[in-house]
Novice: 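Supplied in structure tokens, the structure appears directly below.
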Amino acid sequence: MKTKLLLLMFLMFLLILHEPIYILASTTYPLVPSPEVPPFSPFSASTSASSPGVVMGAEQQQIDSHKKMVIAIAVASTSLGAVILCVLCIWIYYTKYPSKPNRKNVKSSDAEKGLASAPFLSKFSSVKMVGKKGCVPIIDYKQIEKATSNFKESNILGEGGFGRVYKAHLDDNLDVAVKKLHCESQHAEQEFENEVDLLSKILHPNVISLLGCSSNDDTRIIVYELMQNGSLETHLHGPSHGSALTWHLRMKIALDTARGLKYLHEHCNPPVIHRDLKSSNILLDTKFNAKLSDFGLAITNGSQNKNNIKLSGTLGYVAPEYLLDGKLTDKSDVYAFGVVLLELLLGRKPVEKLAPAQCQSIVTWAMPQLTDRSKLPNIVDPVIKNTMDPKHLYQVAAVAVLCVQPEPSYRPLIADVLHSLIPLVPVELGGTLRVPQMAQQVLPADPHVDSNQ
């Protein structure tokens, strides 16, 4: 709008500036009278002397011409001054009152993204939806009971603070994950409301997709897309002890996680702090694409006073400034990411018991050895030991050390971490590294590439 007004004023200026030029060009008299009478023409001299009326007429025409020119110049100058004044006023107005983005439209566009789950479920005619919670489909509770075989224990995928996650098989061959929450307490109800509200506005390949919800008395249900390969925690610390995760797959998982966090921190409006990032909340699909899950503790930056939020999180992942002083920022997520990166690198749990009453964190144990190039190769997870370029190993260790710095200001932004990891991940897995014979080095065939950063 401002550009259009300035362009219009400029065109008016050119039009008015052109007008006096036209008047001057159409006048046949010179600005300064200069009678060009040849001094050696007696006929001309005698004619002038004998015809005073002709001379007076010419002088009168010259005077009239001068008046017209003065008027034209005065009009042009006045108009030009008016145009300049208008342009100046417009410039001052827009400088003092700059146009602001329409926050309402931005938020509504985020909400529209959440509607993506409704068309997805509508493809399956057997899915009975009984209403909507905002823009989230409400699925019939009895259908969820049937799909989980009445929440049979053999269908349990995982367990959290307020309930369990089950595998559910809806008709039309649709497999989903169902989180069952027991909301007798207000805190559990708040987590349910918070997660549904946030995930309904988020659509990103590295964030779990919300498909619907349901409720029955004090029971709350959240339905997600099913992640067939389970959690990163299960792969690293379960029976397989990370044997399925090659070096390049681990770097891909770290890169996907960083992409998901970057979206939350920099592209959500307002920004979102996950607050409970850990390996059990990083889920993997059939091709080991990683997605962030469990947004019950997440908060939006600026929506409330973060310093008054109840301390929550998982021991080993909680940033020291949040644990000691309750200070919460996006750098708290960066710290937790650093711990996950150490898990991928070392294959160790975030907190390990040394004795019945004594524990040691992975950060405390690893920090002295991470910065020593002679010791670093010896503490790497045996599953991936000697399978990577040493330079890449040192670089990942350096990124992890920066992420878990005690002082938040020393930690990098997640965007900086992301850019550090991209060159370490093969092109086939979403990075920029070109590695020959990739088929022999990664598990999934024809892997899906997430190019969003």
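Every value quoted in this text rests on a predicted model; they were computed, and no experiment measured them.
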Novice: Using the side chain to side chain contact (heavy atoms under 4.5 Å, CB included) rule, take Leu342 and Leu370 through it: C-alpha gap first, then chi angles, then the decisive distance, then the call.
Specialist: CA-CA 10 Å; Leu342 290 177; Leu370 287 171; 3.5 Å; yes

Novice: Without hydrogens or angle criteria, can the side chains of His182 and Asp218 be said to hold a donor-acceptor pair below 3.5 Å?
Specialist: no

Novice: Any donor-acceptor pair under 3.5 Å linking the side chain of Tyr263 with the backbone of Ile202?
Specialist: no

Novice: Check whether any side-chain heavy atom of Pro271 sits under 4.5 Å from a side-chain heavy atom of His265, and report yes or no.
Specialist: no

Novice: Does the side chain to side chain donor-acceptor pair (under 3.5 Å) test come out yes or no for Ser214 and Asp140, once each step is laid out?
Specialist: CA-CA 7 Å; Ser214 185; Asp140 181 40; over 6 Å; no

Novice: Kindly compute the distance separating CG (Leu433) from CG (Leu421), expressed to the nearest 0.5 Å.
Specialist: 12.0 Å

Novice: Determine yes or no for a side-chain-to-main-chain donor-acceptor pair under 3.5 angstrom, with Arg275 supplying the side chain and Leu297 the backbone.
Specialist: yes

Novice: Which value, rounded to the nearest 0.5 Å, describes the distance between Thr257 atom OG1 and Lys262 atom NZ?
Specialist: 15.0 Å

Novice: Phe151: what forms a ring pair (Phe, Tyr, Trp, His ring centres under 6.0 Å) with it, not counting sequence neighbours?
Specialist: Tyr166

Novice: Please name the pair of heavy atoms, one in Lys353 and one in Cys359, separated by the smallest distance, quoted to 0.1 Å.
Specialist: CG-SG, 3.9 Å

Novice: Where is the tightest heavy-atom contact between Pro205 and Lys291, given as atom of each residue plus distance?
Specialist: O-CE, 3.1 Å

Novice: Side chains of Leu292 and Asn206: closer than 4.5 Å at any heavy-atom pair?
Specialist: no

Novice: Would you say the side-chain atoms of Asp256 pair up with the backbone N or O of Ala290, donor to acceptor, closer than 3.5 Å?
Specialist: yes

Novice: Going from CD1 on Ile208 to NZ on Lys179, what distance comes out if it is rounded to the nearest 0.5 angstrom?
Specialist: 10.0 Å

Novice: Below 4.5 Å, heavy atoms only, C-beta onward: do Lys349 and Ile362 meet side chain to side chain?
Specialist: no

Novice: Does a sphere of radius 6.0 Å around CG in Leu315 hold more than 12 heavy atoms from other residues, nucleotides or ligands, not counting ones at 6.0 Å or beyond?
Specialist: no

Novice: Going through the checks in order, is the side chain to side chain contact (heavy atoms under 4.5 Å, CB included) test met by Ile156 and Val165?
Specialist: CA-CA 6 Å; Ile156 295 176; Val165 179; over 6 Å; no

Novice: Distance check, rounded to the nearest 0.5 Å: Gln395 atom CD versus Met251 atom CE?
Specialist: 10.5 Å

Novice: Where the side chain of Ser185 meets the backbone of Ala188, is there a donor-acceptor pair that is under 3.5 Å apart?
Specialist: yes

Novice: Does Arg411 make a cation-pi contact with Tyr335 (under 6.0 Å, within 45 degrees of the axis)?
Specialist: no

Novice: Taking atom CD as the centre, does Glu159 end up with more than 12 heavy-atom neighbours from other residues, nucleotides or ligands that are less than 6.0 angstrom away?
Specialist: yes

Novice: Keeping Ser420 on the side-chain end and Asp416 on the backbone end, is there a donor-acceptor pair under 3.5 Å?
Specialist: yes

Novice: side-chain hydrogen bond (donor to acceptor under 3.5 Å, both in side chains): which pairs involve residues 376-386, sequence neighbours left out?
Specialist: Arg250-Asp381

Novice: With a 6.0 Å cut-off (strictly less than), is the heavy-atom count around CD of Glu407, excluding the residue itself, greater than 12?
Specialist: yes

Novice: So, the side chain of Asn229 versus the backbone of Asp285: is there a donor-acceptor pair under 3.5 Å, distance only?
Specialist: yes

Novice: Report the distance from atom CG of Leu393 to atom CD1 of Ile384, rounding to the nearest 0.5 Å.
Specialist: 8.0 Å

Novice: Just checking, any donor-acceptor pair under 3.5 angstrom between side chains of Ser231 and Glu233?
Specialist: no

Novice: Would you call Trp365 and Gln360 a side-chain contact if the rule is heavy atoms closer than 4.5 Å?
Specialist: yes

Novice: Please give me the minimum heavy-atom distance between Glu189 and Cys183, naming the atom from each residue.
Specialist: OE1-CB, 3.6 Å

Novice: Would a distance-only check, ignoring hydrogens and angles, find a side-chain to backbone donor-acceptor pair under 3.5 Å from Ser332 to Leu328?
Specialist: no

Novice: Are Arg220 and Glu193 within salt-bridge range, i.e. N to O under 4.0 Å?
Specialist: no

Novice: Do Leu424 and Met388 pass the side chain to side chain contact (heavy atoms under 4.5 Å, CB included) test, and can you show the C-alpha distance, the side-chain angles, and the key distance before you say yes or no?
Specialist: CA-CA 10 Å; Leu424 309 181; Met388 76 291 289; over 6 Å; no

Novice: Checking the side chain of Gln369 only, and the main-chain atoms of Lys375 only, is there a donor and an acceptor separated by less than 3.5 Å?
Specialist: no

Novice: Less than 4.5 Å apart, any side-chain heavy atom of Val417 and any of Leu341?
Specialist: no

Novice: If you look at every heavy atom in Gly296 and Glu195, which pair is closest and at what distance?
Specialist: N-OE1, 3.9 Å

Novice: Evaluate Asp217 against Thr219 for side chain to side chain donor-acceptor pair (under 3.5 Å), listing each step before the verdict.
Specialist: CA-CA 6 Å; Asp217 296 330; Thr219 301; over 6 Å; no

Novice: Would you say the side chains of Asn289 and Lys252 form a donor-acceptor pair under 3.5 Å?
Specialist: yes

Novice: Can any side-chain N or O of Gln405 pair as donor or acceptor with the backbone N or O of Val401 at less than 3.5 Å?
Specialist: yes

Novice: So, do Tyr317 and His274 have ring centers that fall under 6.0 Å from each other?
Specialist: no

Novice: Within a strict 4.5 Å, meaning less than it, do heavy atoms of the Leu345 and Ile379 side chains meet?
Specialist: no

Novice: Is a donor from one side chain sitting under 3.5 angstrom from an acceptor on the other, for Glu343 and Ser279?
Specialist: yes

Novice: Mind checking the CG-CD1 spacing from Leu249 to Ile253? Nearest 0.5 Å is all I need.
Specialist: 6.0 Å

Novice: Among Val207, Leu210, Val196, Ile222, which one satisfies side chain to side chain contact (heavy atoms under 4.5 Å, CB included) with Phe295?
Specialist: Val207

Novice: At their closest point, which heavy atom of Pro377 faces which heavy atom of Tyr394, and how far apart are they?
Specialist: CG-OH, 4.4 Å

Novice: With heavy-atom distances below 4.5 Å as the criterion, would you say the side chains of Asp330 and Ile414 are in contact?
Specialist: no

Novice: Is there side-chain contact between His241 and Leu236, with at least one heavy-atom pair below 4.5 Å?
Specialist: no

Novice: Apply side-chain hydrogen bond (donor to acceptor under 3.5 Å, both in side chains) to Ser280 and list each qualifying residue two or more places apart in sequence or on a separate chain.
Specialist: none

Novice: I'd like to know if the side chain of His248 reaches the main chain of Val435, judged simply by a donor and an acceptor atom lying under 3.5 Å from each other, with no hydrogens or angles considered.
Specialist: no

Novice: Identify the two heavy atoms, one from Ala415 and one from Glu266, that lie closest to each other, and give their separation to 0.1 Å.
Specialist: CB-OE2, 3.2 Å

Novice: Do you see a donor-acceptor pair shorter than 3.5 Å between the side chains of Thr314 and Asp276?
Specialist: yes

Novice: Determine whether Lys167 and Thr148 satisfy the following criterion, side chain to side chain contact (heavy atoms under 4.5 Å, CB included), listing intermediate values before the conclusion.
Specialist: CA-CA 6 Å; Lys167 181 179 180 179; Thr148 59; over 6 Å; no

